[in-house]
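Proteins get letters first, then strands, A, B, ... in listed order; numbering begins at 1 in each.
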2 protein chains.
Amino acid sequence: MNQEVTKCDCKECMLRPLFFDNIEDKDLKNVCNSKHEKSFIKGDLICEEGEEIGDFMYLKSGLVKIFKKVNHNRDQIIKIARPFDFVSMLSVFSDTHYKYSITALEDSTVCYINLSAIKKLVNNNGRFALNLLKNMSKNSDDLIDTSINISKRNLRGRIAYVLIYFAEYIYKSNTFELPVSRKEIGEFIEMTTENVIRTLSEFRKDDIIKINGKIIEITDYNRLKQICDFG
Amino acid sequence: MNQEVTKCDCKECMLRPLFFDNIEDKDLKNVCNSKHEKSFIKGDLICEEGEEIGDFMYLKSGLVKIFKKVNHNRDQIIKIARPFDFVSMLSVFSDTHYKYSITALEDSTVCYINLSAIKKLVNNNGRFALNLLKNMSKNSDDLIDTSINISKRNLRGRIAYVLIYFAEYIYKSNTFELPVSRKEIGEFIEMTTENVIRTLSEFRKDDIIKINGKIIEITDYNRLKQICDFG
DNA sequence: CGCGGCTTTGATGTTCATCAAGTAAAGTGG
DNA sequence: CCACTTTACTTGATGAACATCAAAGCCGCG
């Protein structure tokens, strides 16, 4: 399943500005030495609700879903996250055990930094701490925004919203392959699998999108945007 | 409306353990000197979406609602907060302007600490920073929990949930006066005013609660709990 | 090959929002 | 302080939006 990979040089890491801006080289080296990476393939479980938290982790590449069990056969997807999204914020500082599960939606690489190394850094480096606070705060704000954005829309609006989310935010293209099943879309935007499918079919019949299995092409962006904004 | 009040001694503050545990007396004194308090009466606007953020603020006494405009005549209530709930987390570290509004649901007192004083403290005191991180993280977790708790329930379940929320969490009593209107309940738990009223009336007819205007008495807690947990 | 999970569509019924209309309560100005 | 206006509350009737149930095709996997 997942496997250790050779770790990169943190100094050169693309994600450095996220957490490790304004950090002394020697501090960064310490962190870098205490860290390890794992790669996961699509579908792999990265961490599970209830497990003990040992590391601060963040997504280096790929795409993941963060979710929580609500029923036997239904999860609630809280967030679909790329690199630069703040993955590990959840519970790390408030709890000893994960409150959420994470699985890879695409092949992904995750960096693990020992929690006590992070805490030491917070202790010693105010700018690092402030940056962390900023990221967590932003993360909270985004969660609230998403939640409101979903619940205020009707079903057509939700599907339009999620399609635009994938096109603009994740893939930056009007044609993309859905990284999730119809069921998962429903678990993200609060609707049943059947209605996800039905609404997608409606959009297809209305010539707003083309569907080929998981591949979606948005052919009438303006109409879609209009439905998203309520029309 | 609101007025400045004489400030208390931070050293003795009931809320000290929340933020200012393990803090040097001289640091606390600095913070204490840079802070001020304001009192608000029920209904007062404490801060408004879009305003510039100048201070880190937290609720010292009272009860407030944190909300966001979604339409002309509908707000979304994000949180109903007491002292010890982390009020000022929102946006303070991630933005220069408030993303939410806050109004007093009961007479309230708010402490204001200059943001740069807080940031200086984060810089100089790792334990303070870690504690702040812990509070923000907890706050995020709670937001997610509440959001899921609401959206997974049907209307009767939501009303049961919110009544138990007030009885257990806010007032610690089976008899209490609602601090919010029927409309506001709807804005908190995602339902129309009419259905809030209808469902409350149903519960009254079923002898689960007694209603006298804003005063609610839970007479059959077990049934209510059952409805909350799905029955 | 067959089983289980994912997808699709249709038919049906429930849940909930909307509309309407009236009462009660609370704030406003003369 | 009382008429007036507005806001909160309440109930019923109606229809739309959505979930549920059912049945069948498809695909990947052991």
- Residues within residues 145-163 of chain A bordering DNA chain D, heavy-atom distance below 4.0 Å: Asn154(A), Leu155(A)

- salt bridge (charged side-chain N to carboxylate O under 4.0 Å, His left out): pairs with one or both residues in residues 97-108 of chain A, sequence neighbours excluded: Lys99(A)-Asp145(B)

- Sequence neighbours excluded, which residues qualify as side-chain contact (heavy atoms from CB on, under 4.5 Å) partners of Glu184(A)? Lys65(A), Ile77(A), Leu105(A), Val180(A), Ser181(A), Glu187(A)

- Message: Can you list everything that forms a side-chain contact (heavy atoms from CB on, under 4.5 Å) with Ile189(B)? Sequence neighbours excluded, please.
- Response: Ile150(B), Arg158(B), Ile159(B), Val162(B), Ile185(B), Met191(B)

- Query: Once you round it to whole Å, what is the distance between C1' of dT15(C) and CE of Met191(A)?
  - Reply: 16 Å

- Query: Please, which pairs that meet salt bridge (charged side-chain N to carboxylate O under 4.0 Å, His left out) have at least one residue in residues 211-228 of chain B, sequence neighbours excluded?
  - Reply: Asp220(B)-Arg223(B)

- Hey, could you give me each pair passing ring-ring contact (aromatic ring centres under 6.0 Å, His included) that has a residue in residues 44-79 of chain B? Not counting sequence neighbours. Phe19(B)-Phe56(B), Phe19(B)-Tyr58(B)

- Message: If I take atom CD in residue Glu177(A) and atom P in nucleotide dC6(C), what distance separates them, rounded to the nearest angstrom?
- Response: 16 Å

- Query: Could you run down nucleotides 25-30 of chain D 5' to 3' and tag each one B, S or - for protein heavy-atom contact under 4.0 Å?
  - Reply: ------

- Quick one: list whatever passes side-chain hydrogen bond (donor to acceptor under 3.5 Å, both in side chains) with Tyr221(A), sequence neighbours left out. Glu168(A)

- Please identify each residue that fulfils side-chain contact (heavy atoms from CB on, under 4.5 Å) with Ala167(A), with sequence neighbours left out. Asn174(A), Phe176(A), Ile218(A)

- Salt-bridge test for Lys69(A) and Glu49(A): reply yes if a basic N is under 4.0 Å from a carboxylate O, no otherwise. no

- Query: Rounding to a whole Å, what distance do you find between Ile189(B):CD1 and dA17(C):C1'?
  - Reply: 15 Å

- Asp55(B): partners by side-chain contact (heavy atoms from CB on, under 4.5 Å), with sequence neighbours left out: His36(B), Tyr112(B), Asn114(B)

- Task: Could you list the residues that satisfy side-chain hydrogen bond (donor to acceptor under 3.5 Å, both in side chains) with Tyr161(A), not counting sequence neighbours?
- Result: none

- Query: Starting at CD of Glu184(A) and ending at C1' of dT7(C), how long is that distance when rounded to a whole Å?
  - Reply: 14 Å

- Can you tell me the distance, in whole Å, between the CG atom of Asn73(A) and the P atom of dT20(D)? 10 Å

Please produce a list of atom pairs where a protein N or O lies less than 3.5 Å from an N or O of nucleotides 8-11 of chain D.
| unit_1 | atom_1 | unit_2 | atom_2 | d |
| --- | --- | --- | --- | --- |
| dC9(D) | OP1 | Lys214(B) | NZ | 3.2 |
| dC9(D) | OP2 | Arg182(B) | N | 3.0 |
| dT10(D) | OP2 | Arg182(B) | NE | 2.9 |
| dT10(D) | OP2 | Arg182(B) | NH2 | 3.1 |
| dT11(D) | OP2 | Ser201(B) | OG | 2.5 |

